[in-house]
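Note: hydrogens, waters and symmetry copies are ignored here, and every other heavy atom, side chains too, is used.
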Amino acid sequence: MHGDEEGEEHLDVWYFPPKLPELNAVEGCWDRLNEWFKYRLIPDLSSLKEQIQRGLRTVDEPNIWNYLCL
């Protein structure tokens with residue numbers, strides 16, 4: 001939010017481009033999880049559920065403030 005010369009406040013909305021992991025935190029998380037699964041053989045559904053839980057623990061929350069506050 002910011003104000004103008006007349007004291008009115010305005011709200012700026014910024015849209016992140018799709019498929020840009022540096023600015024879209026969700027895409028960054030999916031990319032990391034995809035890398036973790038890349039060379040794993042998952043034989044059945046129960047193994048898949050277990051591997052997803054293990055893989056999610058390896059995904060860190062991305063820090064996008066460096067890109068937004070330059």
Side-chain angles (χ1 to χ4, degrees):
M1 241 175 158
H2 64 87
D4 59 13
E5 293 91 29
E6 292 134 17
E8 292 184 30
E9 291 185 349
H10 299 277
L11 178 64
D12 291 337
V13 178
W14 295 2
Y15 293 97
F16 294 141
K19 298 289 184 183
L20 188 61
E22 293 86 8
L23 296 179
N24 189 334
V26 173
E27 290 296 332
C29 292
W30 279 117
D31 286 348
R32 287 187 194 98
L33 190 59
N34 189 30
E35 277 298 312
W36 191 84
F37 270 101
K38 189 179 268 187
Y39 300 107
R40 298 183 191 280
L41 176 62
I42 311 295
D44 55 34
L45 185 58
S46 63
S47 297
L48 175 62
K49 290 177 181 178
E50 180 182 310
Q51 293 297 323
I52 288 173
Q53 291 175 353
R54 289 180 61 203
L56 286 174
R57 283 180 256 167
T58 67
V59 175
D60 295 330
E61 185 176 315
N63 182 6
I64 62 170
W65 289 111
N66 292 337
Y67 298 100
L68 297 177
C69 300
L70 291 177

Going by the rule side-chain contact (heavy atoms from CB on, under 4.5 Å), which residues pair with Gln51 if we only count those two or more places apart in sequence or in a different chain?
Trp36, Phe37, Arg40, Ile42, Arg54

Please identify each residue that fulfils salt bridge (charged side-chain N to carboxylate O under 4.0 Å, His left out) with Glu50, with sequence neighbours left out.
none

Charged N to carboxylate O under 4.0 angstrom, Lys38 versus Glu35?
yes

By side-chain hydrogen bond (donor to acceptor under 3.5 Å, both in side chains), which residues pair with Asp44, not counting sequence neighbours?
Ser46, Ser47

Of all the heavy-atom pairs spanning Pro43 and Leu41, show the shortest one and how long it is.
CD-O, 3.5 Å

